Trainee: 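One structure, as structure tokens, below. Some questions next.
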Amino acid sequence: MSHLKAWRAAIVHCIADPKDVGVDAAYEYFDDGVLVIDGDKIHALGDAKTLLASLPNDLVIEHHPDAIITPGFIDTHIHYPQTDMIGSYGEQLLTWLNTYTFPEERKFSDKAHARDVADRFLKELLRNGTTTALVFGTVHKVSVDAFFEASEVHNLRMICGKVMMDRNAPDYLTDTPESSYQESKELIEIWHNKGRLHYAITPRFAPTSSDEQLQLAGKLLSEYDDVYLHTHLSENKDECAWVQDLFPNSTNYLDVYDQHKLLSERSVFAHGIHLCDNEYHRLHETGSAISFCPTSNLFIGSGLFKLGKAEEHNVNVGLGTDVGGGTSFSMLQTMNEAYKVIQLQNENLNPIKSLYLSTLGGAKALRLEDKIGNLAVGSEADFLILDKKGTPLLESRLALSKNIEESLFVLMTIGDDRAIQATYSAGVCVHRR
């Protein structure tokens, strides 16, 4: 039995969406819990008093009396090539793309550069407790090779794709419908379902793809059962107006993707701020998901995501950092901003719901809830140890917390990468502070 490993600490994870079952029934909490893993899977989880009696006497248990164990965070929308342009000043979406993003992405035709950024990007994610992410590459095929090679080193469950973009972008960053189809196909054949890696067909957004390119993206989606579709939707009002001009035969922004058969159970649309009821309905009907990216929406001035509206229509929602439009790799900080976005609409975001959105909710949006997103027996052992003494302020504030909900809320509000004591992927420690 020596292949078992165990951790003892306070443990919390979500088992359902608070919207469906109420907050109290949506999570499991062990004030003094034990998590046992066998290889890369979760073997047992429970209250220390009960569980310890059933474990082998010689099992070494790593004890963390001042910590909380949670599942690894899941980031449902992020751009790895924008790592070095995070915090770029002063523009709204379309100007921001032309001023900062496109020149930065040009550098990713060089695989050595792409690999250097991919390594630093993954290190940053792990430092912040993110174990799975849905990631944009650039238009260059090598940018995706570099990212997957870097992810493989740490055995991370990651999803990435080559950007498809054949118009309304600089010449140095465009492909063609045919080349984007061919290169995406080659990348799918090499990387999709290799170990813990998955491929996402990635048209940047409707304005940068011709009808023909979107049609071929839809063809790819129909040719492979379980690849993802990852793009942007209704982020900014000027963008929405532009889409209407470019696609006069569409009834709304989502309809452009719908007409090209891009809505599916594995389709994730970033932002979705300015949607009508019909669009929410179609997202629900097709099983498509939205990635809620609060730090980016506030930073680029795009608007406030209507979580209540998405819930009303039963649309799957995950949380995304959207670096580099987003301003932090930290999902704790992203939850902090999400709370404020919801507050500005005179609603409240319960800390258990925030935890859900960044773990099990993200897993459901990615259709990976059978593998990741909580600490259920049989799940993959992706988890974090949150340090209640990560900063002096955290330590003094958490000492006054009355329950786990309050503790989580404090961690989400004033916590950051310093609160992440260790990050585990498939049972292996991939970051320790």
Side-chain angles (χ1 to χ4, degrees), residues 14 16-23 26 73-78 134 205-206 228-237 239-240 243 251-258 262-298 300 302-322 325-326 331 334-369 373 412:
C14 289
D17 187 342
K19 164 183 77 73
D20 299 330
V21 298
V23 168
F73 295 139
I74 297 169
D75 187 340
T76 55
H77 178 65
I78 187 167
L134 176 56
F205 64 157
Y228 291 87
L229 183 284
H230 183 201
T231 189
H232 297 89
L233 170 71
S234 296
E235 180 175 0
N236 166 287
K237 284 186 173 165
E239 168 210 11
C240 295
V243 169
T251 51
N252 52 50
Y253 194 154
L254 186 71
D255 189 45
V256 175
Y257 296 130
D258 208 353
L262 295 176
L263 275 63
S264 79
E265 292 208 334
R266 296 180 112 74
S267 298
V268 180
F269 297 93
H271 310 299
I273 300 173
H274 311 285
L275 301 177
C276 64
D277 281 355
N278 184 37
E279 287 171 294
Y280 288 112
H281 178 67
R282 275 303 284 157
L283 288 165
H284 164 67
E285 215 170 36
T286 54
S288 303
I290 300 176
S291 177
F292 169 22
C293 306
T295 76
S296 164
N297 298 158
L298 295 172
I300 301 181
S302 304
L304 306 175
F305 178 68
K306 300 166 191 68
L307 180 60
K309 204 84 171 129
E311 288 189 336
E312 210 178 287
H313 288 84
N314 285 314
V315 178
N316 277 345
V317 176
L319 215 50
T321 60
D322 192 25
M331 289 296 278
T334 303
M335 291 181 244
N336 176 16
E337 298 299 308
Y339 177 80
K340 295 170 191 172
V341 164
I342 305 305
Q343 277 285 87
L344 283 167
Q345 300 170 78
N346 296 316
E347 292 169 35
N348 277 122
L349 185 55
N350 183 282
I352 297 298
K353 179 70 177 194
S354 293
L355 180 68
Y356 172 80
L357 288 171
S358 56
T359 55
L360 186 57
K364 283 185 174 171
L366 301 174
R367 306 286 169 181
L368 289 171
E369 70 271 26
M412 290 166 190

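Predicted model only: the values in this text are computed from it and were never measured.
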Trainee: So E285 and R282, salt bridge (charged side-chain N to carboxylate O under 4.0 Å, His left out) or not? Walk me through it.
Mentor: CA-CA 5 Å; E285 215 170 36; R282 275 303 284 157; 2.7 Å; yes
Trainee: Side-chain contact, heavy-atom cut-off 4.5 Å: M335 with Y339?
Mentor: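 Result no, sub-4.5 Å side-chain heavy-atom pair not found.
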Trainee: Looking at CD1 of I342 and CZ of F292, how far apart are the two atoms once the value is rounded to the nearest 0.5 Å?
Mentor: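 Answer for the CD1-CZ pair, I342 versus F292, is 4.5 Å.
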Trainee: For the pair H271 and H232, name the ring-plane relationship: parallel under 30°, tilted 30 to 60°, perpendicular over 60°.
Mentor: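 Aromatic pair H271/H232 classed parallel.
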Trainee: In terms of ring plane angle, is the pair H313 and Y280 parallel, tilted or perpendicular, where the classes change at 30° and 60°?
Mentor: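 Ring orientation of H313 relative to Y280: parallel.
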Trainee: Just verifying a value: how many Å separate D322 CG and N297 CG, rounded to the nearest 0.5 Å?
Mentor: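 Between atom CG of D322 and atom CG of N297 there are 7.5 Å.
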Trainee: If only atom types and distance count, is the side chain of T76 paired as donor or acceptor with the main-chain N or O of L319 below 3.5 Å?
Mentor: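 Yes.
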Trainee: Please give me the minimum heavy-atom distance between S288 and V315, naming the atom from each residue.
Mentor: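 Answer, listing the atom of S288 first, then V315: O-CG1, 3.8 Å.
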Trainee: State, with a plain yes or no, whether a side-chain heavy atom of M412 is found less than 4.5 Å away from one of S358.
Mentor: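 They are not in side-chain contact.
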Trainee: Report yes if the side chains of L134 and H77 come closer than 4.5 Å at any heavy-atom pair, otherwise no.
Mentor: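 Sidechains of H77 and L134: no contact.
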Trainee: Which atom names give the shortest non-hydrogen contact between D75 and G320, and what distance separates them?
Mentor: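 Scanning both residues, the minimum pair turns out to be OD1-CA, 3.2 Å.
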Trainee: Between CG of L229 and OH of Y257, what distance do you get to the nearest 0.5 Å?
Mentor: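 It comes to 8.5 Å.
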Trainee: A side-chain contact here means heavy atoms from C-beta on lying under 4.5 Å apart; do I74 and L368 qualify?
Mentor: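 No; the side chains remain at least 4.5 Å from each other.
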Trainee: Could I get the full list of side chain to side chain donor-acceptor pair (under 3.5 Å) partners for K19, not counting sequence neighbours?
Mentor: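 Only N314 meet the side chain to side chain donor-acceptor pair (under 3.5 Å) criterion with K19.
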Trainee: Measure the spacing between NE2 of H274 and SG of C240 and express it to the nearest 0.5 Å.
Mentor: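 It comes to 5.5 Å.
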Trainee: Output every pair passing salt bridge (charged side-chain N to carboxylate O under 4.0 Å, His left out) with a member in residues 334-344, not counting sequence neighbours, ordered by first then second residue.
Mentor: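 Checked against salt bridge (charged side-chain N to carboxylate O under 4.0 Å, His left out) - neighbours excluded - the pairs reaching residues 334-344 are E337-K340.
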Trainee: Work out which heavy atom in G318 is nearest to a heavy atom in A365; give both atom names and the distance.
Mentor: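 Closest approach of G318 to A365: N-CB, 4.2 Å.
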Trainee: Do I352 and C14 come within less than 4.5 Å of each other through their side chains, counting heavy atoms only?
Mentor: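 Yes; the side chains approach each other to less than 4.5 Å.
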Trainee: Is there a side-chain contact between L263 and L254 in this structure, where contact means two heavy atoms from C-beta onward sitting under 4.5 Å apart?
Mentor: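 L263 vs L254: side chains touch.
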Trainee: State, with a plain yes or no, whether a side-chain heavy atom of S296 is found less than 4.5 Å away from one of E235.
Mentor: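 Yes - at least one pair of side-chain heavy atoms lies under 4.5 Å apart.
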Trainee: Side chains of T231 and L262: closer than 4.5 Å at any heavy-atom pair?
Mentor: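 No, every pair of side-chain atoms sits at 4.5 Å or beyond.
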Trainee: In Å, rounded to the nearest 0.5 Å, how long is the span from NE2 of H281 to CG of L275?
Mentor: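 Taking NE2 in H281 and CG in L275, the distance rounds to 14.0 Å.
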Trainee: Which residues satisfy the side chain to side chain donor-acceptor pair (under 3.5 Å) test with T334, sequence neighbours excluded?
Mentor: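 Listed in chain order: nothing, the list is empty.
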Trainee: From L233 CG over to S291 OG, what is the distance, rounded to the nearest 0.5 angstrom?
Mentor: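 If we round to the nearest 0.5 Å, L233:CG and S291:OG are 11.5 Å apart.
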